[in-house]
Q: 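One structure is given below, represented as structure tokens, and several questions about it will come after.
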Amino acid sequence: MKQEFLNSEGSRIIYDLIKVIHDNKQYLSDIDGAIGDGDHGINMNKGFSICEQKLKSDPGDLTHSLEILSEVLMKDIGGSMGPLYGMFFAAVADACRGKRIIDSKVFGKMLADGKESIVEIGSAKVGDKTLLDTLAPAVEAFNNSVENGNNFIQSVEDMNKAAIKGRDSTKNMIAKLGRASRLGKRSIGVIDAGAASCCLILESMADTIEKILE
Amino acid sequence: MKQEFLNSEGSRIIYDLIKVIHDNKQYLSDIDGAIGDGDHGINMNKGFSICEQKLKSDPGDLTHSLEILSEVLMKDIGGSMGPLYGMFFAAVADACRGKRIIDSKVFGKMLADGKESIVEIGSAKVGDKTLLDTLAPAVEAFNNSVENGNNFIQSVEDMNKAAIKGRDSTKNMIAKLGRASRLGKRSIGVIDAGAASCCLILESMADTIEKILE
Amino acid sequence: MQKVINDPQNVVDEMLEGYIKAMPDMIARTNNKRVVKYKYAPIADKVGIVTGGGSGHKPAFIGYIGRNMVDAVAVGEIFSSPPAQMFYDAFKVADSGKGVACLYGNYAGDNMNVKMAVKMAKADGIEVKTVVANDDVPSSPRNSMDKRRGVAGEVLMWKVAGAKAAMGAGLDEVIAAAQKAINNTRSMGIGLSPCTIPEVGHPNFKIKEGTMEVGIGHHGEPGLEVTKLETANEIAKRMTGIILPDIPFKNGDEVAVLLSGLGSTTLMELYILYSEVYNILIEKGISVYIPYVGNYFTSLNMAGVTLTIMKLDEELKECIDYESDSMGLRQFARRKK
Amino acid sequence: MQKVINDPQNVVDEMLEGYIKAMPDMIARTNNKRVVKYKYAPIADKVGIVTGGGSGHKPAFIGYIGRNMVDAVAVGEIFSSPPAQMFYDAFKVADSGKGVACLYGNYAGDNMNVKMAVKMAKADGIEVKTVVANDDVPSSPRNSMDKRRGVAGEVLMWKVAGAKAAMGAGLDEVIAAAQKAINNTRSMGIGLSPCTIPEVGHPNFKIKEGTMEVGIGHHGEPGLEVTKLETANEIAKRMTGIILPDIPFKNGDEVAVLLSGLGSTTLMELYILYSEVYNILIEKGISVYIPYVGNYFTSLNMAGVTLTIMKLDEELKECIDYESDSMGLRQFARRKK
Ligand SMILES: Nc1ncnc2c1ncn2[C@@H]1O[C@H](COP(=O)(O)OP(=O)(O)O)[C@@H](O)[C@H]1O
Ligand SMILES: Nc1ncnc2c1ncn2[C@@H]1O[C@H](COP(=O)(O)OP(=O)(O)O)[C@@H](O)[C@H]1O
Ligand SMILES: [Mg+2]
Ligand SMILES: [Mg+2]
Ligand SMILES: [Mg+2]
Ligand SMILES: [Mg+2]
């Protein structure tokens, strides 16, 4: 079992991500429809599909793939997801730029920087019923796991569990930010769309990394 | 069994008519919806209801009631029914104006004049899939029956039967006049709305007359 | 029935009430509560323009009352022609002594009621001439054009006649222009969902999901056939394919195009459809002098569209370019380039 | 899904295509295919007016491009803010050197994207100032007004700012007028049926027959509560009851009223509703200086309405009365009486 992988083999993570978002397009839009405006899945999918096209003619390592994804989300997609995930993937790319090898320490930094950039642009807090409720605990769980001496695979698995728990925690939250915030108690009972997509993203990343490391 | 009734007791015919139209408002609109524009029942009912109001404050004999009905249809209702039934009832009223007693001869003239006035304003022919397909054979049947020496009740019963047969004959006709005329074969299979309302009118008249005569 | 109304039996009167409150500088009541007029009508030395018909077609008919447009309208019940008395009263408030052009659509009820009203006006010494719009191609074959219904082409007829009258033309000239407008105009409709008359409370008819009614009438009258629901491009092809051969339009023609939603079709859809209609016309060498894309003549809440094309000549262009101010059609005079 | 479209994934581009073909004298493309501008923009010595947002709200946003109105629009996907790059490109084509007023609605995506675009423009030496519309009362309580959504009040904001800029005002004056317009404006919506995003293919949410969503957002966001479907008069009472105390409006005020359908609500219903809104205002001593009744800001094919009321002063009246020519709002200069 490996404890690191090459940046050059990491683009697979993005290809798998693209597929996952594609497969969950309707699911994410339907969740968004319940208390939002129903466009989350189609927007995400539009961005990730354009990225797939671009990578076809301009493939590269993980850093490169993350950069392309970030650029497409920011330049072509817009919505809330453009800036939020756009900045996220830009920061994630920054943290592995120039690194030939990605180990759990590097990956931990990628996640942490990604999270920071989302907080910076969106100023959400945990408990606001946003994607941060998935991302923040997941990032923390990963880095704690690494710190506690667990191996890379164990750490992504811990991240995964925390992500799912975080996503599910939004179900009983009252939305404090964004479209659903005035709903008050009516926002209870539905998972947040961004929390769901963020969970899919982290799960997919964990999955691919495990496959690469095995 | 009487062979005639007083003009002064004939207004009952109009009151019963108003009720019948009221009860069949949805039915007539639904038939009209199939190949027309769906307003037949509500228009008829609007006219007959206004007439009911007017008769409350200004009651009178059969001739008077027919005049009020005709006036309301022509002045307040419009549509196709305003002029068609408006002229019809005007002619029917004309034919009994000044008659103290209505016997089968007078009634036969009322019907015939009514029919003529509809042909005059609408220029429909039997077979065009209009209310004339009910009215023309019914009027003919009544007058034939009288001519053949049948009593008043027998004659209205013959009229009734012919009206129903006439109405049903429109089902398999191709519309040649009015809204449905371009439908070609697609107009087959549905009774004409005007033929249905005309049948209700004649049936109701027959019914009330029988009751008065009995 | 998910509608913002009070009493379903009273929608027409209440709608009129609101319309008059909303347009106090444009519209005025008359002695007949179902006849409304342009605030300044009758206009001295101008032919009066009158129309009327059943309600449920907003902005038609009252939405076209205005400056250089229609002077008075007779307002019927939903989908029902106004009675003769209303047309007659409309003639009276529109007539300045120069006569009245009554420009309406070809429906049994309207024909009968207008005919009676014209007689009543004649007895009064008011001169009324009529033009009956029959622009709806699918509603009858070419050899019986006089049976065709009048649909959204009426809007262009009013625009032309309204301008002509405002220019000072006499009654015969106004009538000739309106008749030419209709002679040069063809329309057809496609229905994607039924409409609901408030007092009936349920849809008038059915259109199965995944199908469309080709040649539908403005009141939901069935059309030529039911087909599978086509794409916007296919619909554009089908509609132009039925309309264009009917005049026939030809290479070098200049046209006005009016693409109207039927009630619940979005402007987004109309522009998508217009894009392909435009392409087809260009391909045939027909240039669009002026397009009108929007909700100009609706059928309650029906989903669907009508396409109307009018062949222009210099006279019609001058009328179409004339400034007009009404709720349904507000247009600045064309700026010379 | 009964819609006149081609590829559900491509509705925005195809709609733009049609719109540009339909308005060649008014609208022009730019280097960014999702940025469209007033044909004559940038106008020398005039502050540029820019807006943008997700699509699906026709005539908003592109329908308000025009003379004395908006100069450039960034066009997003259905219900999705345009990316920063598009706002930035819109600023560039609208700027004559006198600066740009970016007037948009308060949504998470738009806020983030505009913020980034303004930074990009600054680096380029283009001065951009912003006003964020937050007129939707039910979307947040009074003590957190900054969280309120922007809805149909944006139309009045554009009208005011467009006029102000056309009068020759500087950027700060235009921004001040737009901000005053929004500060003086309150709106709320009622939803009677859901809408369908073409690419999703089925309704976004449900509204049970016989009920209505009070305070619904322009994208179908749930509102304050679900109640039984009320009559038009009750709805008028409910909406004014929520809007009027929020400023508060008072006896003697003059207001502009904008009553917009959400997509499949008919003009007939809007006028019925307007009639009672008018009555309530009159009763409170508030006079309607100018009413706008129609489809000004829609949500795809949703059934429902939004009511917007703006308190006027002399400056706002002057702007509201100014002549304007755009597809969505075409208005002759008010004639002096
Ligand atoms: N300020 C914010 N910070 C973090 N996440 C946010 C913020 N605002 C919105 N979100 C996330 O964005 C999601 C909605 O995304 P999407 O539907 O694509 O955009 P929009 O709300 O503009 O339609 C929400 O479910 C929420 O998780
Ligand atoms: N010219 C005509 N002569 C006789 N009856 C006619 C004529 N035109 C229409 N009708 C009758 O009118 C009926 C339709 O009435 P109605 O629905 O009230 O009016 P509209 O067709 O104007 O909506 C048709 O079913 C037909 O029987
Ligand atoms: Mg969303
Ligand atoms: Mg009918
Ligand atoms: Mg009718
Ligand atoms: Mg959105």
Side-chain angles (χ1 to χ4, degrees), chain A residues 25-47 49-50 71-87 90 117-118 120-124 128 130-131 175-190 194, chain D residues 8-9 32 34 52-56 74-88 107-116 136-141 144 147-149 194-206 215 217-226 299-300:
Chain A
K25 171 179 144 177
Q26 283 285 352
Y27 161 71
L28 291 174
S29 282
D30 288 349
I31 299 186
D32 191 30
I35 52 172
D37 60 355
D39 63 343
H40 189 58
I42 55 176
N43 281 340
M44 292 286 288
N45 183 52
K46 197 156 280 170
S49 301
I50 298 175
E71 226 178 272
V72 166
L73 291 175
M74 279 206 279
K75 283 215 169 165
D76 297 331
I77 288 308
S80 301
M81 291 302 101
L84 288 169
Y85 281 133
M87 292 303 241
S117 72
I118 281 194
E120 201 171 297
I121 187 161
S123 17
D128 284 353
T130 72
L131 56 87
K176 301 230 177 55
L177 254 192
R179 295 183 190 282
S181 57
R182 179 62 200 263
L183 276 177
K185 294 206 172 140
R186 289 182 67 195
S187 67
I188 293 179
V190 199
Chain D
Q9 304 202 16
N32 186 326
R34 284 298 185 83
S55 293
V75 181
E77 287 297 321
I78 301 287
F79 290 175
S80 288
S81 168
Q85 179 73 41
M86 283 180 204
F87 277 109
Y88 169 64
Y107 295 92
D110 295 298
N111 281 323
M112 289 186 276
N113 289 303
V114 168
K115 210 195 268 177
M116 288 161 67
D136 188 25
V137 177
S139 57
S140 210
S144 57
K147 282 193 174 175
R148 288 183 178 171
R149 297 179 292 239
C195 55
T196 298
I197 297 177
E199 199 175 341
V200 174
H202 56 77
N204 251 0
F205 54 100
K206 287 197 182 88
H218 255 171
H219 312 85
E221 299 96 328
L224 297 172
E225 55 174 325
V226 175
S299 298
L300 296 169

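Side-chain atoms are counted along with the backbone in the values below, which use heavy atoms only and exclude waters and symmetry mates. Convention: sequence-line order gives letters A, B, ...; per-chain numbering from 1.
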Q: Nearest 0.5 Å, what's the CG-OG distance between A:Asp37 and D:Ser299?
A: 10.0 Å
Q: Non-hydrogen atoms of chain D under 4.5 Å away: do they reach the side chain of A:Ile121, the backbone, both or neither?
A: both
Q: Using non-hydrogen atoms and a 4.5 Å limit, figure out which bit of D:His218 sits close to chain A: side chain, backbone, both or neither.
A: neither
Q: Heavy-atom distances under 4.5 Å only: say whether D:Glu199 touches chain A with side chain, backbone, both or neither.
A: both
Q: What distance separates D:Met112 CE from A:Leu84 CG, expressed to the nearest 0.5 Å?
A: 4.0 Å
Q: Do A:Gln26 and D:Val200 have side chains that approach each other closer than 4.5 Å (heavy atoms only, starting at C-beta)?
A: yes
Q: Mind checking what makes salt bridge (charged side-chain N to carboxylate O under 4.0 Å, His left out) contact with A:Asp76, not counting sequence neighbours?
A: A:Lys54
Q: Measure the shortest side-chain to side-chain distance between A:Asp39 and D:Ile78 over non-hydrogen atoms and say whether it is less than 4.5 angstrom.
A: no
Q: Could you tell me the separation between the OG atom of D:Ser81 and the CE atom of A:Met81, rounded to the nearest 0.5 Å?
A: 11.0 Å
Q: Kindly compute the distance separating NZ (A:Lys46) from CD (D:Gln9), expressed to the nearest 0.5 Å.
A: 6.0 Å
Q: Which pair of non-hydrogen atoms, one from A:Ser80 and one from D:Gly109, has the smallest distance, and what is that distance?
A: OG-N, 3.4 Å
